[in-house]
Visitor: 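Okay, here's the structure, questions in a sec.
This structure is a prediction, so every number in the text was calculated from the model and none was measured. We count ligands from 1, going down the list as the structure has it; atoms in each ligand are counted the same way.
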Amino acid sequence: MPLPVILDCDPGTDDAFAILLALASPELDVLAITVAGGNVGLEHTLRNARALTALAGSNVPVYAGADRPLLGAFVSETGVHGEDGLGGIILPDGKPPAPGLAADVVRRMLRDSAEPVTLIGIGPATNLALALTTEPALTKHVAQIVLMSGAWAEGNATPAAEFNAWSDPEALAILLACGRPVVFATLELTAQALVTPALIAAWRALGAGRCLQAACDIQSAVPPSRRLGGAGAPLHDPCAIAWLIQPGLFTTRTCSARVDLGPGPGRGRTLIDRWNRTGDALNAMVLETLDAPGFFDLLGHRLALLP
Ligand code: BDR
Ligand code: CA
């Protein structure tokens, strides 16, 4: 039976791969795609999510959510994702957003689902946190929360913090305190998913479908990562999806995690206690290593199944 999931995102070049991978994978039953402002403003992320869903020929409903974090100001990441969030690659417009607001929809789907639902978060955690904090009893309908978020060492948005965690640390703290297991694809994991121009060329040769080719166009527009040596750019978000489809590609560690909510330079830093030094309750699982060739193979071949 496919795993029921809700995919909360902020597309975003790497979110685009995550959305397409999820929609191409029979292991997942994507109940909804919910969207927040993040990499770029909500007006762009929502349009991108709708366009990508239509490109995949999918009828999964796309819902608008939060355009800013729970506290503090909204800050985008146009340096990586471009002004429009997809590196300037223009896709045909998709269907209008489905009626309803992301947090309300997540609550309704949790309430109505016959089995617990997996929440996937690959952007700022605002929508998921709003859903769970406004009706905590529904948390028991959550199977697990799988996030691309955080880092156990240095950040990418600030020296201390990873972008999604930094964009809404209070929302992440709500998820970490909700009592359900939280799985982290951190920056250390996604650094292993470094996409080079040669890999993009190999993907392009896997098929002529519009989704695969658009994904390659999008990734080609992402500047190489200075943080990771300049050979390519990491594909963060599809790691979270791949974990649910093919967990054998990963090694993991159960640990405790919390997030720095202070106003200073450490704000948004995730304190991931991989060696259990704090003795805090084990509320998280970190994905530590990735079989990168296996991951890239999965990604390319699944996207090649799409139109
Ligand atoms: C995360 O932040 C965003 O820029 C990406 O889409 C990814 O979700 C990586 O830090
Ligand atoms: Ca993202």
Side-chain angles (χ1 to χ4, degrees), residues 6-22 33-42 44-49 52 62 65-67 69 74-87 89 102 119-128 145-169 171-172 175 182-195 215 218-219 221-228 232-243 259 267-270 272 286-287 290 299:
I6 294 173
L7 176 54
D8 188 59
C9 58
D10 65 332
T13 53
D14 58 328
D15 301 70
F17 278 77
I19 291 169
L20 295 176
L21 177 60
I33 294 175
T34 54
V35 186
N39 288 314
V40 287
L42 180 65
H44 293 299
T45 56
L46 186 60
R47 185 194 182 280
N48 294 343
L52 288 157
V62 177
D67 67 355
F74 170 78
V75 182
S76 63
E77 182 42 288
T78 53
V80 172
H81 301 273
E83 293 293 328
D84 63 355
L86 293 181
I89 306 306
L119 302 179
I120 308 173
I122 56 173
T126 322
N127 291 332
L128 299 180
I145 301 171
V146 180
L147 303 178
M148 190 288 130
S149 184
W152 65 70
E154 67 173 359
N156 59 352
T158 72
E162 180 279 332
F163 180 79
N164 290 337
W166 174 78
S167 295
D168 197 339
L172 178 56
L175 299 188
V182 177
V183 178
F184 277 94
T186 67
L187 286 180
E188 290 80 6
L189 187 276
T190 64
Q192 299 164 58
L194 196 72
V195 177
I218 290 167
Q219 189 61 22
V222 178
S225 166
R226 205 158 54 94
R227 183 174 60 89
L228 299 175
L235 258 187
H236 307 282
D237 291 341
C239 293
I241 311 293
W243 158 251
V259 55
R267 180 168 171 77
R269 176 183 206 139
T270 45
I272 296 178
V286 281
L287 308 179
L290 173 69
L299 201 46

Visitor: With rounding to the nearest 0.5 angstrom, report the CG to CG distance, L290 to L194.
Guide: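 L290 atom CG to L194 atom CG measures 11.5 Å (nearest 0.5 Å).
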
Visitor: Can any side-chain N or O of T13 pair as donor or acceptor with the backbone N or O of Q219 at less than 3.5 Å?
Guide: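 It does not hold such a pair.
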
Visitor: Does E77 have any side-chain contact (heavy atoms from CB on, under 4.5 Å) partners at least two apart in sequence or in another chain, and if so, which?
Guide: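 Applying side-chain contact (heavy atoms from CB on, under 4.5 Å) to E77 gives N39, V80, H81, F163.
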
Visitor: Counting distance only, does the side-chain N/O of D14 pair as donor-acceptor with the main-chain N or O of D237 below 3.5 Å?
Guide: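 Judged by distance alone, yes, a pair lies under 3.5 Å.
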
Visitor: Between N127 and A66 (side chain of the first, backbone of the second, donor and acceptor by atom type, cut-off under 3.5 Å), is there such a pair?
Guide: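 Judged by distance alone, yes, a pair lies under 3.5 Å.
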
Visitor: Taking M148's backbone N and O only, do any of them form a donor-acceptor pair with N164's side chain (distance below 3.5 Å, no angle check)?
Guide: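 Yes, the answer is positive, given that a donor and an acceptor are paired below the 3.5 Å cut-off.
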
Visitor: Grab the two heavy atoms, one from A157 and one from W166, that are nearest each other, plus how far apart they are.
Guide: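 In terms of heavy atoms, the two residues are closest at CB-CE3, 3.7 Å.
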
Visitor: Can you name the N/O/S atom of D10 that is nearest the Ca ion (ligand 2)?
Guide: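 Going by distance to the Ca ion (ligand 2), the closest N, O or S atom in D10 is OD1.
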
Visitor: As a test of reading the structure, name the N/O/S atom of D237 that is nearest the Ca ion (ligand 2).
Guide: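 It is OD2, the N, O or S atom of D237 closest to the Ca ion (ligand 2).
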
Visitor: Which value, rounded to 10°, describes the O(I122)-the Ca ion (ligand 2)-OD1(D15) angle?
Guide: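 Once rounded, the angle between the two atoms at the Ca ion (ligand 2) is 130°.
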
Visitor: How would you list, by chain and number, the residues with a heavy atom under 4.0 angstrom from ligand 1?
Guide: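 Protein residues near ligand 1 are D14, D15, N39, H81, I122, M148, N156, E162, F163, N164, L187, H236, D237.
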
